[in-house]
Each structure stands twice: as structure tokens, then as C-alpha cells.
Chemist: 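Got a structure for you, written out below as C-alpha cells; questions coming shortly.
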Amino acid sequence: MAPQLDDTTRAIITACVPALEAHGLDITREMYARLLADPAISALFNRSHQKNGEQPTALALAVLMYARNINDLGKLGGMVERIAEKHVGLNILPEHYPHVGTALLGAIKHVLGDAATPEIMDAWAKGYQFLADVLINREAQLYTANADAPGGWTGWRAFTIRNRVAESETVMSFDLEPTDGKPVLPHKPGQYLSFNITVPEQGSQRRNYSISSAPSQKGYRISVRRQPEGLVSNWLHDSAVVGTELLVSAPAGSFTLPTPVAAPIVLLSAGVGLTPFQSMVDTLTADIGAQTGAVSGLHYIHGTHSAQTEAFGPHIRALAAKGAIKADVFYSHGPLPAEQTAGTTAHQGRVTVEWVRANTAPDAVYYICGPEGFMQDMISGLKAAGVPENRLRHEVFGPATTVEDTLCAA
């Protein structure tokens, strides 16, 4: 493990913050160009995040956050944990880190030119190795925990699609069971699975999908929204039939419920961000016997385009009708559903921070998941309204970008 960073190294990295603010994205674009030139390394990445610029932007912000907080790295604990969880899901190994370090340092020198003095390059070499060792050590712990847990595994495990169900006109659910017939590791509600999917004529593709079923030793369910240009989502919808085999990593992610649940819970989602909340809802209502009583303080708030795009609507309304949850659903396009159900209130328009604050418990813990713009609005708005940061939980689809910047800014 690299030694703790010395004062000189930390001072040099801090002094680089203005350069990173000005040139960070150029550096990370150059870094990924170098990494992706190696086929063995490029296969580890979600290539769609390269095409739309999300991955370089995410890394630029992460590097900037690292530099800004180099004297108080405790502020980055949540971000480091999310990165480690993603890496374990994608089976990133210690031997991959030197490739990244070489590409990053080469990109810094290429972009900054003569301004990248030997002292600056030495400081960033030390800074990168320190962070790499933190991640490698945490990832080793996660790999060991997965291997030692009943039903757990490391690496890619073959799963077979046993059923597929259309949840809406855009979302399809897939029930997955291990091909070997052995038990699986029960996930924590809110976690996701990582997939290594070979799409014909496109090669290996890496993707993450939230688990939308309650924990079980039998298998998992994922629910995938068809993206207009989504290579993998379209293949899953069109070609992944019952009997199709997929390669899957063990459940990962820290976007999970506390144990025990002590405060009122608000599940706040938009679009396909509702998928991890289905696991949470089913777990919480099963734990307290939703058939005969109400869940105190479980509030489900969801935004969707229309009744046709609303996934899991009948299930949520059935739970709300029993008094198991309180539900509010916002429809931004099209009319409200013709039939209204006790316990569920339908609204025209989009979810707003003002409505959320006025209609949720003052001591609630907010779980937030959905498109990046939605999460930015909710997180920044709730913080501005006085909600402490420790009562805000969020999940990021794909690489973390400005959402991390919102949460980690010094």
C-alpha cells in the first residue's frame, strides 16, 4: 500500500485545482482515448458512456473532487464506496489499475504540456497510487464478502431467463435464475446486478441494472427500460427470450435501506428510477405484514410520462389500497388514469421540490433515483429547503457526474 500523502504532495495537488477546473475534461477525454486503444481494457467499459461523454465528464468531476478534498478525504467516503461497488460488479482487478494510472498521467502531461512539471507529475503519480490502493483494498473486502456469503460468488456466473413480463409500454422485467440450479446470495433491497452481455456483431457489453424483486435465494428480477438508441436495452427487449443465458456478477451497491428502519421513508423516483424501490417496497411491506396493517411512514412518490409508461402501477396501487403504503404518482404528459384507487393520488404535471417538502414528513429520509436532471433538482432543492445531507440517499444510473459534484463539493 502506498504511504500516506505528504504535505508537499497534497499542496501541489491542491494547487492544481484551477488547472483541473479549466482542463479536467480535456484530460479525461485524452485518458479514455488512450485506455480504449487497448482492446483488453476497453472491454471493461460501458461504451455508450463514451459516446455520449458521460464517462469522461464523470471522471473529470471525480478527479476534481479528489483534488479539492485532498486534505480531508473523509468527505469522499460515499463516492469512493460507490466506485468500489461499481468496480466489483464489473470485475475490475488490481492488475487493471496500472493501465489507468499510465493513461491518466500521460493525459495530464499531454494536455498541460510544459506546465506539467516533474514535481506536478510526481505528486499526481503518488496521489493516483494512494487512491488506487484505497479502492483495491476496499474491493478486495467486497470480493471476499461475496465469495464467503451463502449463495455468493465472484466473477461472472451464468443465469438463465425464466420469465419476462411487460410492466409498461417501455419497461420489460426479466426473472433470472442461476443456470447451475444452486442458491444465490440474497441481495439488499436497492442493490443492482452487473452484466457481461454479448450482443451479436457488437461484442461484449457491460451494463448495470437495479434488482426490482424482494431478496430471495432463488434468483433475481431486473426491469429494463427500452432506450431509443440503447444497444443492450433493445437487444434485451427484442432478443432475450425465456431460456437465454446471461453472465452476471454478484449484487452490488450501497443504495440500501438501513437496518432497522427507524425514520419515515420517502421513495422519490422518476422514469425507470422506480426499479430499486420495488425491491424496497416489497421487502418493507412483507416484513410487517402488509396484508393486515399499514406501514407507518412509507411514502412512494413517482413521476412518469403517462399511464402507458408507468411500470408496476397496478402493484403499487394494490399495496396502497390495503393501506400498506401511501402513494402519489405524477403524470407529466397525457391524461390522468381513468380509475382512481384508494391510497393513491394521481397528479397532473411533474414532481417538484416544493410539493415534496409540503407533503412529506419533516423527519423523513429521502431515497432518490431517476434521470440525472431529476436527481440534481431534488437533491439541491431539498438541501436548500433545509433537509440535512445525512437524510438524502441517491442512486446513479451509469457514471456519477454532476450529482456527485452536488453532494461532494467542498
Chemist: I'd like to know if the side chain of Thr352 reaches the main chain of Trp355, judged simply by a donor and an acceptor atom lying under 3.5 Å from each other, with no hydrogens or angles considered.
Modeler: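 Present.
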
Chemist: For the residue pair Ile211 and Pro276, establish whether any side-chain heavy-atom pair is separated by less than 4.5 Å.
Modeler: no

Chemist: Quick one: does any side-chain atom of Thr304 pair with a main-chain N or O of Gly271 as donor and acceptor, under 3.5 Å?
Modeler: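 Not confirmed, Thr304 side chain does not pair with Gly271 backbone.
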
Chemist: Taking all atoms of both residues into account, what is the closest heavy-atom pair of Ala240 and Ile161, and its distance?
Modeler: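 Closest pair (atom of Ala240, atom of Ile161, distance): CB-CD1, 3.6 Å.
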
Chemist: Does any N or O in the side chain of Arg164 come within less than 3.5 Å of the main-chain N or O of His237, such that one atom is a donor and the other an acceptor?
Modeler: yes

Chemist: Checking Tyr331 against Glu310: is there a side-chain donor and acceptor pair closer than 3.5 Å?
Modeler: yes

Chemist: Could you tell me if Ser223 and Thr275 have a donor-acceptor pair between their side chains, going purely by distance under 3.5 Å?
Modeler: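 No, no side-chain donor-acceptor pair sits under 3.5 Å.
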
Chemist: How far does CD1 of Ile265 sit from CG of Leu298, to the nearest 0.5 angstrom?
Modeler: 7.5 Å

Chemist: Any cation-pi pair here, Lys86 with Tyr192, using under 6.0 Å and within 45°?
Modeler: yes

Chemist: Answer yes if the ring centres of Phe277 and Tyr300 are under 6.0 angstrom apart, and no otherwise.
Modeler: no

Chemist: Is Leu319 close to Asp282 at the side-chain level, that is, under 4.5 Å between some pair of heavy atoms?
Modeler: yes

Chemist: For the atom pair NE2 (His110) and CG (Asp26), what is the distance rounded to the nearest 0.5 Å?
Modeler: 9.0 Å

Chemist: May I ask you to check whether Ser194 and Asn208 show a side-chain donor-acceptor distance below 3.5 Å?
Modeler: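 Their side chains do contain a donor-acceptor pair, which is all the 3.5 Å distance test asks for.
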
Chemist: List the steps and the verdict of side chain to side chain contact (heavy atoms under 4.5 Å, CB included) for Thr144 and Gln141.
Modeler: CA-CA 5 Å; Thr144 299; Gln141 294 173 345; 5.9 Å; no

Chemist: Output the distance between atom CZ (Arg68) and atom CG (Leu61), rounded to the nearest 0.5 Å.
Modeler: 8.5 Å

Chemist: With a 4.5 Å limit on heavy-atom distance, are the side chains of Ile301 and Ser269 in contact?
Modeler: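 When only atoms from C-beta onward are counted, Ser269 and Ile301 do not touch, as no gap falls below 4.5 Å.
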
Chemist: Pair Thr160, Leu246 - check side chain to side chain contact (heavy atoms under 4.5 Å, CB included), show working.
Modeler: CA-CA 6 Å; Thr160 300; Leu246 304 174; over 6 Å; no

Chemist: Looking at every heavy atom in both Pro371 and Ala270, which two are closest together, and how far apart are they?
Modeler: CD-O, 3.5 Å

Chemist: Counting C-beta onward and ignoring hydrogens, is there a side-chain heavy-atom pair between Leu392 and Lys383 closer than 4.5 Å?
Modeler: yes

Chemist: Indicate yes or no: at least one non-hydrogen side-chain atom of Ile325 is less than 4.5 angstrom from one of Leu267.
Modeler: no

Chemist: Between the side chains of Arg226 and Asp238, is the shortest nitrogen-to-carboxylate-oxygen separation below 4.0 Å, so that they form an ion pair?
Modeler: yes

Chemist: Check whether any side-chain N or O of Gln191 sits under 3.5 Å from a backbone N or O of Lys188 as a donor-acceptor pair, and report yes or no.
Modeler: yes

Chemist: Using side-chain heavy atoms (C-beta onward) and a distance below 4.5 Å, is Thr244 in contact with Phe159?
Modeler: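 SC-SC contact between Thr244 and Phe159 ruled out.
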
Chemist: Of all residues at least two apart in sequence or in a different chain, which pass the side chain to side chain contact (heavy atoms under 4.5 Å, CB included) check with His96?
Modeler: Ile41, Leu44, Ile92, Leu93

Chemist: Mind checking the CD1-CG spacing from Ile379 to Leu382? Nearest 0.5 Å is all I need.
Modeler: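 Interatomic distance, Ile379 CD1 to Leu382 CG, rounded to 0.5 Å: 8.5 Å.
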
Chemist: Measure the spacing between CG of Leu64 and CD1 of Ile27 and express it to the nearest 0.5 Å.
Modeler: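 Those atoms lie 10.5 Å apart.
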
Chemist: Could you tell me whether the side chain of Ser239 and the main chain of Leu236 form a donor-acceptor pair under 3.5 Å?
Modeler: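 The answer is no, because no donor-acceptor pair under 3.5 Å joins these two groups.
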
Chemist: With a 3.5 Å distance limit and no angle check, can you tell me whether Ser249 reaches the backbone of Gly89 through a side-chain donor-acceptor pair?
Modeler: yes

Chemist: Are Tyr66 and Phe130 side-chain neighbours, meaning at least one heavy-atom pair lies under 4.5 Å?
Modeler: yes

Chemist: Are any side-chain N or O atoms of Gln278 and backbone N or O atoms of Leu274, one a donor and one an acceptor, separated by less than 3.5 Å?
Modeler: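 Checking the backbone N and O of Leu274 against the side chain of Gln278, a donor-acceptor pair under 3.5 Å is found.
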
Chemist: Would you please say whether a donor-acceptor pair under 3.5 Å links the side chains of Ser254 and Glu81?
Modeler: no

Chemist: Between Gln340 and Leu336, which heavy-atom pair has the shortest distance, and what is it?
Modeler: NE2-CB, 4.5 Å

Chemist: Between Thr309 and Ser168, do the side chains contain an N or O donor and an N or O acceptor separated by less than 3.5 Å?
Modeler: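 No, Ser168 and Thr309 have no side-chain donor paired with an acceptor closer than 3.5 Å.
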
Chemist: Can you tell me if Ser306 and His333 form a side-chain donor-acceptor pair at under 3.5 Å?
Modeler: no

Chemist: Any side-chain heavy-atom pair from Met280 and Tyr367 closer than 4.5 angstrom?
Modeler: yes

Chemist: With no hydrogens and no angle check, just 3.5 Å: does a side-chain donor-acceptor pair link His87 and Tyr97?
Modeler: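 Their side chains do contain a donor-acceptor pair, which is all the 3.5 Å distance test asks for.
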
Chemist: Indicate whether any N or O donor in one side chain lies under 3.5 Å from an N or O acceptor in the other, for His299 and Asn359.
Modeler: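 There is no such pair (donor and acceptor under 3.5 Å, judged by atom type) between the side chains of His299 and Asn359.
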
Chemist: How long is the straight-line distance from NE2 of His394 back to CD of Gln376, given to the nearest 0.5 Å?
Modeler: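 That separation rounds to 10.5 Å.
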
Chemist: Would you kindly say whether Tyr366 and Thr360 are connected by a side-chain donor-acceptor distance under 3.5 Å?
Modeler: yes

Chemist: Taking CZ in Arg350 as the centre, count heavy atoms belonging to other residues, nucleotides or ligands within less than 6.0 Å. Is the count above 12?
Modeler: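 No, not enclosed.
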
Chemist: Which pairs would a plain distance check flag for residues 98-109, meaning a side-chain donor or acceptor within less than 3.5 Å of a matching protein atom at least two apart in sequence or in another chain?
Modeler:
{"residue": "Thr102", "atom": "OG1", "partner": "Pro98", "partner atom": "O", "Å": "3.0"}
{"residue": "Lys109", "atom": "NZ", "partner": "Ala116", "partner atom": "O", "Å": "3.1"}

Chemist: Closest heavy-atom contact between Ala67 and Trp124?
Modeler: CB-CH2, 4.2 Å

Chemist: With the threshold set at 4.0 Å, does a side-chain nitrogen-carboxylate oxygen contact exist between Glu167 and Arg225?
Modeler: no

Chemist: State whether the number of non-hydrogen atoms from other residues, nucleotides or ligands found under 6.0 Å of Glu95 atom CD is greater than 12.
Modeler: yes

Chemist: Is the backbone of Val248 close enough, under 3.5 Å, to the side chain of Trp153 for a donor and an acceptor to pair up by distance?
Modeler: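 The answer is yes, because a donor-acceptor pair under 3.5 Å joins these two groups.
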
Chemist: Can you check whether Leu193's main-chain N or O pairs, donor with acceptor, with His187's side chain at less than 3.5 Å?
Modeler: no

Chemist: Before giving the answer on side chain to side chain contact (heavy atoms under 4.5 Å, CB included), spell out for Thr344 and Asp328 the whole-Å C-alpha distance, their side-chain angles and the decisive distance to 0.1 Å.
Modeler: CA-CA 6 Å; Thr344 301; Asp328 285 275; over 6 Å; no

Chemist: Would you confirm whether Ser279, through its side chain, and Ser212, through its main-chain N or O, come within 3.5 Å as a donor-acceptor pair?
Modeler: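 Between the backbone of Ser212 and the side chain of Ser279 there is no qualifying donor-acceptor contact (under 3.5 Å).
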
Chemist: Applying side chain to side chain contact (heavy atoms under 4.5 Å, CB included), run through Phe330 and His302 and close with a yes or a no.
Modeler: CA-CA 6 Å; Phe330 288 75; His302 179 62; over 6 Å; no

Chemist: Centre-to-centre under 6.0 Å for Tyr209 and Phe195, is that the case here?
Modeler: yes

Chemist: Compare every heavy atom of Val184 with every heavy atom of Gly219, then report the nearest pair and how far apart it is.
Modeler: N-CG2, 3.7 Å

Chemist: Looking at every heavy atom in both Tyr220 and Leu185, which two are closest together, and how far apart are they?
Modeler: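 Reported closest heavy-atom pair: OH-O, 2.5 Å.
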
